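The model shown is predicted, which means the values in this text are computed figures rather than measured ones. In each ligand, atom 1 is the first atom listed, and ligand 1 is the first ligand listed.
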Amino acid sequence: MSGAVALVVAAGRGHRFGGELPKQYRLLAGKPLLRHCLERFLAHPAIDAVRVVTNPLDAALYEKATAGLALLAPVAGGDTRQQSVRNGLESLAADAPAHVLIHDAARPFVTAPMIDRVIVALGRSAGAVAALPVVDTMKRAAASGARIEATTSREGLWRAQTPQGFRFADILAAHRAAAATDLTDDAAVAEAAGLAVELVEGTEENFKVTSEADLQRAERVLAGAWEYRNASGYDVHRFAPGDFITLCGIRLPHDKSLEGHSDADVGLHALTDAILGAIGAGDIGQHFPPSDPQWRGADSARFLAHAGELVARRGGRIVNLDVTVICERPKVGPHREAMRRRIAEILRLEQDRISIKATTTEGLGFTGRGEGIAAQATATVALPAGLTAGPS
Ligand code: CTP
Ligand code: MG
């Protein structure tokens, strides 16, 4: 394997968190904590595969928490975090990637730009760790209690987070050499082996859920921080001889058909582009190139479902969709409700978030002359603010 693999450690027992359920399987915004970071790694274009290190006691929890995600098979962890990472690394050794990004399952808010920063730094350093400079004044307390013994300079002090990325061969060798120690992060293992580890910028939101209060904080981060994105899509298909068209997911008898590489569903194409636009994910042709024979005659529902999935993978949701079909014939009105129902079904969305409108062009232009159908659409999408985009 080349490229980069994300190794997510999730074998801990969460003693400090407490409770029956290990913290990585507790729900955050209705989704297991573990799943939040997995979706973020899976959605990142520079991450080729994701593997989770689990505790075999959690097998059923793991299956449920990761249902439908394209992950490598999980591997069993060990008694300490260091052993869990080691087991994960050993499991990748036979088909070793160039780089590995090690991440705590208990950090749900890893961001794409942070992953980028780690990977970019790996071009020049053996290791790179997301971290934040310490801003508070540092006090050392007496071992026995909370009385200050000394004030230490914060100069040069950073708080290490994950992801921690390394050249795979280097970190595997470092872990093998450090087998007798119990270090709390992989940077420490790398340092012990004399590897140069770079600090790259983490974020405050990338905190580790350690206690119940942290989980509440994570809920507040998600609840308060949505950003709304809007984009449009436009498409045209030409009429050709035939006896039906597919429009907004519905097959309609007609005295012509629509020409196109796929099923030529101009409505779903405009809509797919609007959704892709809202998440900055290019356009339909980029995801499903017309030059690729596998999309010949394809059901455009697949394209739309894919765009919806990309939104979900970013932790986002579709707020509303609006399509305007532009043609003289066929009449869209009688099919409007069926179209809304079908789009709602494809995207697993409430029907009242979907609007279908139609207009003629009063006989003017190519649509007026009955040469083809045009459609335009807008999509509004809610994404977790600052977590998937922007400088963080
Ligand atoms: N971890 C692991 N294997 C272990 C211990 C920890 O894979 N034997 C993982 C945890 O699941 C977590 C990450 O390492 O995602 C960071 O560890 P920590 O926050 O300390 O989690 P726990 O060890 O589960 O919590 P605690 O220390 O409170 O028991
Ligand atoms: Mg621990």
Exercise. Quick check: does Val209 get an N/O under 3.5 Å from an N/O on ligand 1?
Worked result: no
Problem set entry | Protein contact to atom 9 (C) of ligand 1 [nearest heavy atom, distance to 0.1 Å] | Val9 O, 3.7 Å
Exercise. Considering only heavy atoms of Ala11, which atoms of ligand 1 have at least one such atom less than 4.0 Å away?
Worked result: 2 (C), 3 (N), 7 (O), 11 (O)
Exercise. Identify the closest protein heavy atom to atom 21 (O) of ligand 1: which residue and atom is it, and at what distance?
Worked result: Lys23 NZ, 3.2 Å
Exercise. Does Lys256 count as lying over the ring of Phe239, i.e. NZ or CZ under 6.0 Å from the six-ring centre, within 45 degrees of the axis?
Worked result: yes
Exercise. Got a second to check how far Ser257's OG is from Ile245's CD1, nearest 0.5 Å?
Worked result: 9.0 Å
Problem set entry | Nearest option to atom 8 (N) of ligand 1, as decided by whichever heavy atom of Gly78, Ala76, Gly18, Gly12 sits closest | Gly78
For this session: Would you mind reporting whether Leu310 and His287 have side-chain heavy atoms less than 4.5 Å apart?
Result: yes
For this session: May I ask you to check whether Arg13 has an N/O atom sitting below 3.5 Å from an N/O atom of ligand 1?
Result: yes
Exercise. Is it the side chain (CB and beyond), the backbone, both or neither of Thr210 that lies under 4.0 Å from ligand 1, heavy atoms counted?
Worked result: neither
Exercise. With side chains defined as the heavy atoms from C-beta onward, is the minimum distance between Thr152 and Lys139 less than 4.5 Å?
Worked result: no
Exercise. Which of the numbered atoms in ligand 1 are below 4.0 angstrom from a heavy atom of Gln24?
Worked result: 11 (O)
For this session: Give the numbers and elements of all ligand 1 atoms closer than 4.0 Å to a heavy atom of Ser84.
Result: 2 (C), 3 (N), 4 (C), 7 (O), 8 (N)
Exercise. How close does the nearest protein non-hydrogen atom get to atom 27 (O) of ligand 1, and which residue and atom is it?
Worked result: Arg16 NH2, 2.9 Å
For this session: For Asp79, counting its heavy atoms only, list the atoms of ligand 1 lying under 4.0 Å from any of them.
Result: 8 (N)
Exercise. So between Gly14, Pro22, Ala106, Gly77, whose heavy atom ends up nearest atom 22 (P) of ligand 1?
Worked result: Gly14
For this session: Tell me, with the steps shown, if Ile343 and Leu268 meet side-chain contact (heavy atoms from CB on, under 4.5 Å).
Result: CA-CA 8 Å; Ile343 291 168; Leu268 291 197; 3.8 Å; yes
For this session: With side-chain contact (heavy atoms from CB on, under 4.5 Å) as the test, would you mind laying out the steps for Glu198 and Arg124 before giving the verdict?
Result: CA-CA 9 Å; Glu198 194 173 317; Arg124 50 180 186 251; 2.7 Å; yes
Exercise. Quick one: nearest non-hydrogen protein atom to atom 26 (P) of ligand 1, plus distance?
Worked result: His15 N, 3.5 Å
For this session: Between Thr80 and ligand 1, find which residue part has any heavy-atom pair under 4.0 Å and reply side chain, backbone, both or neither.
Result: backbone
Exercise. Under 6.0 Å from the CD atom of Gln286, do we count more than 12 heavy atoms belonging to anything else shown?
Worked result: yes
Problem set entry | Location of contacts on Ala105 toward ligand 1, heavy atoms closer than 4.0 Å | both
Problem set entry | Cation-aromatic face contact Arg317/Trp226, 6.0 Å, 45 degrees | yes
For this session: Name the orientation class of the two ring planes belonging to Phe288 and His306 (parallel below 30°, tilted from 30 to 60°, perpendicular beyond 60°).
Result: perpendicular
Problem set entry | Distance-only N or O hit between ligand 1 and Val53, under 3.5 Å | no
Problem set entry | Region of Lys208 that comes within reach of ligand 1 [heavy atoms, distance under 4.0 Å] | side chain
Problem set entry | Val75 side chain near Thr54 side chain, heavy-atom distance below 4.5 Å | no
Problem set entry | Exam field: side chain Asp322 to backbone Thr378, donor-acceptor pair closer than 3.5 Å | no
For this session: Would you mind checking which non-hydrogen protein atom is closest to atom 13 (C) of ligand 1, with the distance to 0.1 Å?
Result: Asp104 OD1, 3.3 Å
